[in-house]
Amino acid sequence: MSDIESIIQQMTLEEKAALCTGAGPWTTTPILRLGVPELVVSDGPHGVRHPQDVSKIGSPSHPATCFPTASSLACTWDVDLLREMGKALAVEARALGVGVLLGPGNNIKRTPLCGRNFEYFSEDPYLAGELAASLIEGIQSQGVGTSLKHFAANNQEYQRFSINAEVDERTLREIYLAGFEKAVKKGQPWTVMCAYNRLNGPYCSEHHRLLVEILKEEWGFEGLVVSDWGAVHDRVAALKGGLDLEMPGPKASRVQAVIKAVQDGTLDEAVLDESVRRILKVVFKAAETPKGAAFDPQAHHALARKVAAEGMVLLKNNGILPLQSTLTRIAVIGRAAAEPHYQGGGSSHINPTMVAMPLEELKRQAANAELLYAEGYPADDQFRQDLIVQAASVARQADVALLYIALPSYKDSEGYDRADLDLTVQQVALIKAVADAQPNTVVILNNGSAVVMGDWLPQVAAVLEAWTMGQAGGGAIADVLFGKVNPGGKLAETFPLSLVDTPAYLNYPGENGTVRYGEGLFIGYRYYEAKQVPVQFPFGYGGSYTTFAYSHPTISAASFKDTDGLTVAVDVTNTGPVAGKEVVQVYVHDCKSALVRPPKELKGFAKVELQPGETQTVTIPLDFRAFAYYHPGYRQWITEDGDFDILIGASSADIRCQQTVTLHSTLSLPSLLTPESTIREWLDDPRGKVVFAPMLQQMMAGMNQFMGGDSDAHEMIGMDMMGMVLDMPLMAILHFQDAALPASPEDLVNGLLYQVHQLEP
Ligand code: BGC
């Protein structure tokens, strides 16, 4: 018997119940007599927010490196860099005595309004899943656990504690669970944190289908499920639903409820034991990791700077960037240059080890130029014309104006959503006034999710999206502006032209306690492309100081089995003057499918660094899942025979090469025909068609007679007989012809279904 099993055998019911609820805000319950230590957990995700006093929920935290938040990380498209950052996070967690870091957050950016988007990666589940998995791998490679959160469909902060997200099964699987699935299977996080909200009825904290059937059984998750802080409503129901650890604690009433439920037989002790087992495994794993060794704040600050620079996206550049060393006067405008907005509000808020001031960092790199600073806008939403006038005057005196525009920090926060996608009125007026005064105006943005910029974008020379860039971002901005780093980031979310264009616009934020994901699969670029809605900047887009050419696309086979997958290769050449990085993206388009599919979906990517003139062959594998979709009828991922376009691009809207391949499905799926199936469904089903064809002929003849035997009768009333009956249930049509049938409609249809099942393998 393993040690853990022997401990479980020795534990009293009280001890088991207590272990399943925290001992404090950040610690689990130790059982000293059995040598079970406490586990210390801390937020997360982009730094270690470890409180000085673990017994207090609001205790100030120890200094730790504030890395860029997920919005920025995602735009790096760099799984190796995220792994490296993960290692650094773990080193800090170990130094501070933390066993599990509460992150990464992996919810899909359903609407750019979600206040917590700065903590989430992308609108695309493939990209989000890959990035989350590498961050997890990096952190856990150092013996520190992670908590993949918030599982699932926590895509808005509005009413997050209670709202019921109503999501159809296919959308759930393909969009809202797929990133979690990838991260769980590839990264094996030690813990998964359930979301506050309800999902199709039950709270996620009590959701047996979500936590047990899908997460633990189907995906093979071996760790423990922890509640989001305060997400548990009924402790016993939550245990039955697969929620192992309730946080925070202590909560004597919960412990008593569990004890009572086992004693009165309403909770099977085996269910409790399973949660105890999962908790003990993580507690002991964390205990094995040595803690306390110091970390190097300077080295981690340097890494945070590197990551921040890699995540920056050059949205517009008329050639003004990189800045020339010959500039003599630079206007630096905007309070974000002196007081940077580099992280979001809420539980992820890190007490940084140091903060790079953008203005100071510019001074350091612009040695020969004089810098003229103007505040430009106040910290709040107030309008101050005097600041605008002053800024325009400063801009006029300079060769170039650098405008540091940050969303007011309260607009990037956990706990509530944004009301719009706009910068403040003052900021918009400021940008216009400065751009009027100075044609060489560069806007640098700090924000956690997309903003609209149509009002002023045409007037400015360049825009650099710097995101919530972490404590070292000020230096990273200077690196990019002066060309020390060639920007290579690409958008992980679409920038729309306006809020009304966004996919969830009509279905957000919900009412009567429910938010219905009515747009289904069509979120992000899947929507904009399908509806042909123009956008400001498409998913996957990002500029560079160099240019890249794509050539010689090759695909490993023109015709292939789904289980074999494919390998896509393409040559990428740096055709410009400086070294740079390019993110090659592979999208797949299913030419014909039984159920509707988005026009294209990201299924692979690779980042490559190239010197001027250099060419490298980029190779990207595509597996079964690159071609499959989730069929709610079969309740599984399926492929269908047929053609697929493989689209190789520099963004979702900039496809450079395209080839068509033919897939042969290895699946042998049972028929979905039922007594209620329509004629079209019978004809679309390969076996159904064979069995039903003879009867169809007789039926059509019968229908003719029913119409009066006159072959011109339907034409006279403008009807196409076949068109009319196609979407009628076979059973209903047979009932019209009841008298002329050799048997009852029920018997006939059941007979056909029997023949269909006989043909199944
Ligand atoms: C947040 C989690 C966080 C937890 C602990 C919750 O309010 O949703 O992301 O890990 O608090 O601070």
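When a ligand or atom number is given, it counts from 1 through the structure's own listing order.
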Atom 7 (O) of ligand 1 [closest protein heavy-atom partner, distance rounded to 0.1 Å]: Tyr196 OH, 2.8 Å
List ligand 1 atoms under 4.0 Å from His150, heavy atoms only on the residue side. 2 (C), 8 (O), 9 (O)
Out of the candidates Glu119, Arg49, Arg116, only one should pair with Ser347 under the side-chain hydrogen bond (donor to acceptor under 3.5 Å, both in side chains) rule; please name it. Arg116
For Ala231, does its backbone N or O pair with a side-chain atom of Asp228 as donor and acceptor, under 3.5 Å? no
Students should be able to answer this: which protein heavy-atom is nearest to atom 3 (C) of ligand 1, and at what distance? Asp43 OD1, 3.2 Å
May I ask you to list the atoms of ligand 1 that are less than 4.0 angstrom from any heavy atom of Asp228? 1 (C), 2 (C), 3 (C), 4 (C), 6 (C), 7 (O), 8 (O), 11 (O)
Which atoms of ligand 1 have any heavy atom of Arg49 under 4.0 Å away? 12 (O)
Counting only N and O atoms by type, is there a donor-acceptor contact under 3.5 Å from the side chain of Asn200 to the main-chain atoms of Val167? yes
For ligand 1, does Arg160 get within less than 4.0 Å through its side chain, its backbone, both, or neither, judged by non-hydrogen atoms? side chain
Atoms in ligand 1 flagged as close to Lys149, the criterion being non-hydrogen separation under 4.0 Å: 2 (C), 3 (C), 9 (O), 10 (O)
Is Glu414 near ligand 1, meaning one of its heavy atoms is under 4.0 Å from it? yes
Report the C-alpha separation of Val225 and Phe151 in whole Å, then their side-chain angles, then the decisive distance to 0.1 Å, and conclude whether the side-chain contact (heavy atoms from CB on, under 4.5 Å) test is met. CA-CA 10 Å; Val225 177; Phe151 191 59; over 6 Å; no
Using non-hydrogen atoms of the residue, decide whether Trp26 is closer than 4.0 angstrom to ligand 1. yes
Test item: side-chain donor near acceptor, Glu213 and His208, under 3.5 Å: yes
N/O to N/O below 3.5 Å, does that happen between Glu119 and ligand 1? no
N/O of Trp229 under 3.5 Å from N/O of ligand 1, yes or no? no
Report the part of Arg116 (side chain from C-beta onward, or backbone N, CA, C, O) that has a heavy atom under 4.0 Å from ligand 1; answer both or neither where that applies. side chain
State plainly whether the residues Glu274 and Lys216 are in salt-bridge range, i.e. N to O under 4.0 Å. no
Pick out which of Trp26, Tyr196, Phe161 makes a ring pair (Phe, Tyr, Trp, His ring centres under 6.0 Å) with Trp229. Trp26
Salt-bridge criterion met for Lys306 and Glu310 (N-O under 4.0 Å): no
